[in-house]
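Note sheet for the following structure.
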Amino acid sequence: MDHVATKPAAGTADAAPKSAAGGIDHQPQETDGFQLVIDALKLNGIDTIYGLPGIPITDLTRRAQADGIRVLSFRHEQNAGYAASIAGFLTQKPGICLTVSAPGFLNGLNALAHATVNCFPMILISGSSEREIVDLQQGDYEEMDQLAIAKPVAKAAYRVLHADDVGVGIARAIRAALSGRPGGVYLDLPAKLFAQSIDAETAKKTLIKVVDPAPAQIPAPEAVKRALDLLKSAKKPLIILGKGAAYAQADADIKALIEKSGVPYLPMSMAKGLLPDTHEQCASAARSFVLPGADVVMLIGARLNWLLSHGKGKTWGGKSAKDWGGQKFVQVDISPLEADSNVRIDAPVVGDIPSCVSALLAGMGTNWPKPPAEWLSAVAEKRNANVAKMAETLAKNPSPMNFHSALNVVRDIVKANPDAILVNEGANALDFTRSIVDMYKPRKRIDVGTWGIMGVGMGYCAAAAVTTGQQVIAIEGDSAFGFSGMEVETICRYNLPVCVVIMNNNGVYKGTDVDPTGRDPAPTVFVKGARYEKLMEAFGGVGVVAATPSELKSAMEEAIRSRKPTLINAVIDEKAGTESGRITSLNPAAAKKK
Ligand SMILES: Cc1ncc(C[n+]2csc(CCOP(=O)(O)OP(=O)(O)O)c2C)c(N)n1
Ligand SMILES: [Mg+2]
C-alpha cells in the first residue's frame, strides 16, 4: 500500500541483504512517529505545511518535503500560523502550522486564537518537551505544558504519546477543525513520539482517512418556513452576508437567493465579491441608511458581534447604545448557540450554509414577491448619492497623494484583475480600501477579520499565492506591514506573485503626532520617509517608490505583468488619516487631553 512509507528495521543496511538463493529476505519493516505523522496528513489530502524548523520537528519538515508535501518555511511562527489559518479559509482543508516547542509554540498561538475566533479550520502542530520532566517541572529544554495553554484559545486540543495513536490524533484534529463551525485545533507531539519505532504493517492499520469530515447539517423544514414567512412579511428587508457565507463555497446558490429575493444586501468585509460589489442590490454605499431602516434582516454566516454593533443601538436606529432598533432577525448559522447572542433572533435557521441556502431557495418557489418598491428606490437613491459623492473625492489629485487618490488606482487595478487576491490590513489603510476598492469574485478579499488584528499581511500573502496560484495584492498600513515585514524574504525565496503596497503615512493612523516633552518620537510615529521598498530589494525582489497616482499605477501594472515579488512604497500625506480609522468611537480618549 502506498500510504505508509517504510524504512529498513534498525540495524539493517539500506540495501536489503540477499539470501543465499538470491531472493530478498522478508524482514519486518519499521516506521516511526515522524513518518506516521506525514503519512496520516497525506492520507487526508494535506499537501502543504506552513512552519519554522527546530528541535524537535526539523526532521519532520525535511521528511515531509522529501515525501512531496510542500513545506513553506517562515521567519516567524506567527506568520506561518496566519498563513495556515487563511489557507484553511480559502481551501476548506485545515491549514497546518508546524512549530517547535515553547517559544515557537507561543509564537504560533496568536494565529491559533485568530483561527478559532474567525472560524477558520487550522491545526497548530507543535513539538513539545519530555512529559515526565515537564510535568515534574524539572527544567527541561523549552519546558512548557503546551496542551493546557492552547486549550482556552483552541476549538479542541489533543496530545499524542504513542506512535500507534498518530492516526487517531490527526483524524480527531481534522474533524475538530472542519466539522460544524470550523476553528483552530492544537495537536501536541512530544519529542519522544517522533523517534518511536513501530512495525510498519501494524502502523498502517492505525491510520485513518477521515470520511466526511464536515458532514452536512440539514436545517429543519419548519425553521426554513418560519424564516421565509418572516422575510416575506417585511416591508424593508435586508440580507447581510458574512465571511461564513464566503467560506461555505455555495456561491451560485447565494447569488441566486439574493437575486430571487430582490432584497438589498450588505456584504461584511470578507464576503465582498460573493456578488460583485457593483451589483444593483448591493447596499454597501448605503450602510448607514439600511441598518437603521430595515425591518427584517436575514444574516447568512454573519454574527451580530461588534462589527455589526451587536444588532442594536444607534447604528440600528435604537435611541441609545443598548436600545433595540426594532428589527426582526433571521439568522442562518451552523452553530445552534449563535442565535440570541446579542438580540432576539426570531427565526434561527441552523445548518451548514450550503444546505440552508438551498433549502431557502427551494422554499421560495417560483413567484417570490419582490420587496416594496419604495424601499428599493429609497436604498438606490441613497446608494447612488453616496457613490457619486465618493467619485468626486476619488477624482481629486492632491499633492501629496492621499488615501483616496492612491486607492482610486488600486480600485481600477483590482477591477482589471478580478481574480487577484487582495490582502488588507491597517487602520485607515484598511477602512478606506474596504469602502473604495470593489471586489468582483468570492473569497478575493482577506483581511484583519473579527479582531482587527495587525500582522496577518505577509503570511496571508504567502498562503494566498501558494493555495490559489493567483496574483496577490496587499494593501498595507505602514504600521501593519511592520508586524510581518521580514516575510518579504519568504515571498522572495519562494518567488511568489505578491505585490505589496505600503500606504506610508509615517505612522499609526497618521504621522504628525509629537511628544509634548520634546524628548522622543510620539508613540504613534515612525522614521519619516522610511524606504520600505529597500527591504524587498535586499532579497532580490522589486522595490519602487510611488509618490503620485500615476507612479503607483505603473508600478502595480508592472508587478502584475511580471508576477515578481514587488514592494511599492506609496508615499501618503502624513496628515491624511484619522485616529483608529473608522472605529474612533471604540477608542477611549483620555479625559484630559494633554
Ligand atoms: C496585533 C495588534 N496590535 C495592535 C493593534 C492596534 N492597531 C490597530 S490599527 C494599528 C496600525 C494602524 O496604522 P497603519 O497600519 O499604519 O494604518 P494607517 O491608519 O496609518 O493607514 C494598530 C497598531 C492591532 N489592531 N493589532
Ligand atoms: Mg500608517
Side-chain angles (χ1 to χ4, degrees), residues 76-79 81-83 85-86 106-118 153 269 305-307 400-410 422-437 446-461 474-487 500-514 521-533 535 545-547 552 567-589:
H76 189 293
E77 292 87 349
Q78 180 167 295
N79 306 315
Y82 288 143
S85 75
I86 207 67
L106 286 173
N107 283 345
L109 208 54
N110 209 333
L112 183 70
H114 172 74
T116 303
V117 165
N118 284 276
V153 298
S269 196
N305 57 19
W306 72 279
L307 287 157
M401 183 159 72
N402 64 10
F403 286 101
H404 290 88
S405 57
L407 289 168
N408 192 34
V409 169
V410 178
L422 185 76
V423 173
N424 191 200
E425 59 176 341
N428 294 279
L430 176 86
D431 293 338
F432 284 126
T433 305
R434 187 176 51 237
S435 60
I436 292 170
V437 178
I446 50 182
D447 64 27
V448 298
T450 309
W451 270 350
I453 202 161
M454 297 298 112
V456 292
M458 298 306 103
Y460 272 22
C461 284
I475 305 298
E476 299 273 312
D478 51 332
S479 165
F481 172 75
F483 288 74
S484 66
M486 193 62 202
E487 302 297 347
V500 181
V501 179
I502 297 185
M503 297 282 165
N504 187 2
N505 63 352
N506 294 342
V508 176
Y509 312 137
K510 52 190 176 199
T512 49
D513 276 6
V514 287
T524 52
V525 304
F526 301 137
V527 167
K528 292 196 189 292
R531 301 290 302 275
Y532 292 103
E533 76 286 356
L535 195 57
V545 180
L552 178 58
L567 193 154
I568 304 169
N569 185 354
V571 182
I572 300 290
D573 184 354
E574 66 172 9
K575 301 187 292 299
T578 58
E579 175 98 2
S580 306
R582 290 268 170 90
I583 52 173
T584 311
S585 61
L586 298 180
N587 194 22

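Note that these values count all heavy atoms, side chains included, but never hydrogens, waters or copies made by symmetry. In listed order, ligands and their atoms are each counted from 1. Computed from a prediction, not measured in an experiment: that's the story for all the values here.
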Contacting atoms of ligand 1, where contact means under 4.0 angstrom from a heavy atom of Phe403: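 Under 4.0 Å from Phe403, ligand 1 has these atoms: 21 (O).
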
Can you tell me if [X] has a non-hydrogen atom under 4.0 Å from ligand 1?
{"X": "Trp451", "value": "no"}
{"X": "Gly511", "value": "no"}
{"X": "Gly455", "value": "no"}

Three-point angle Asn505:OD1, the Mg ion (ligand 2), Asp478:OD1, rounded to the nearest 10°: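 Output for this angle: 100°, rounded to tens.
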
Heteroatom distance test ([X], ligand 1): nitrogen or oxygen, under 3.5 angstrom:
{"X": "Gly426", "result": "no"}
{"X": "Ala427", "result": "yes"}
{"X": "Ala480", "result": "yes"}
{"X": "Ile453", "result": "no"}
{"X": "Val508", "result": "no"}

Gly507 near the Mg ion (ligand 2) via N/O/S, less than 2.8 Å: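 Checking the Mg ion (ligand 2) against Gly507, an N, O or S atom does fall under 2.8 Å.
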
Winner among Phe481, Tyr509, Phe483 once heavy atoms are compared against atom 4 (C) of ligand 1: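 Residue with the shortest heavy-atom distance to the ligand atom: Phe483.
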
Identity and separation of the nearest protein heavy atom to atom 11 (C) of ligand 1: Ser479 OG, 3.4 Å

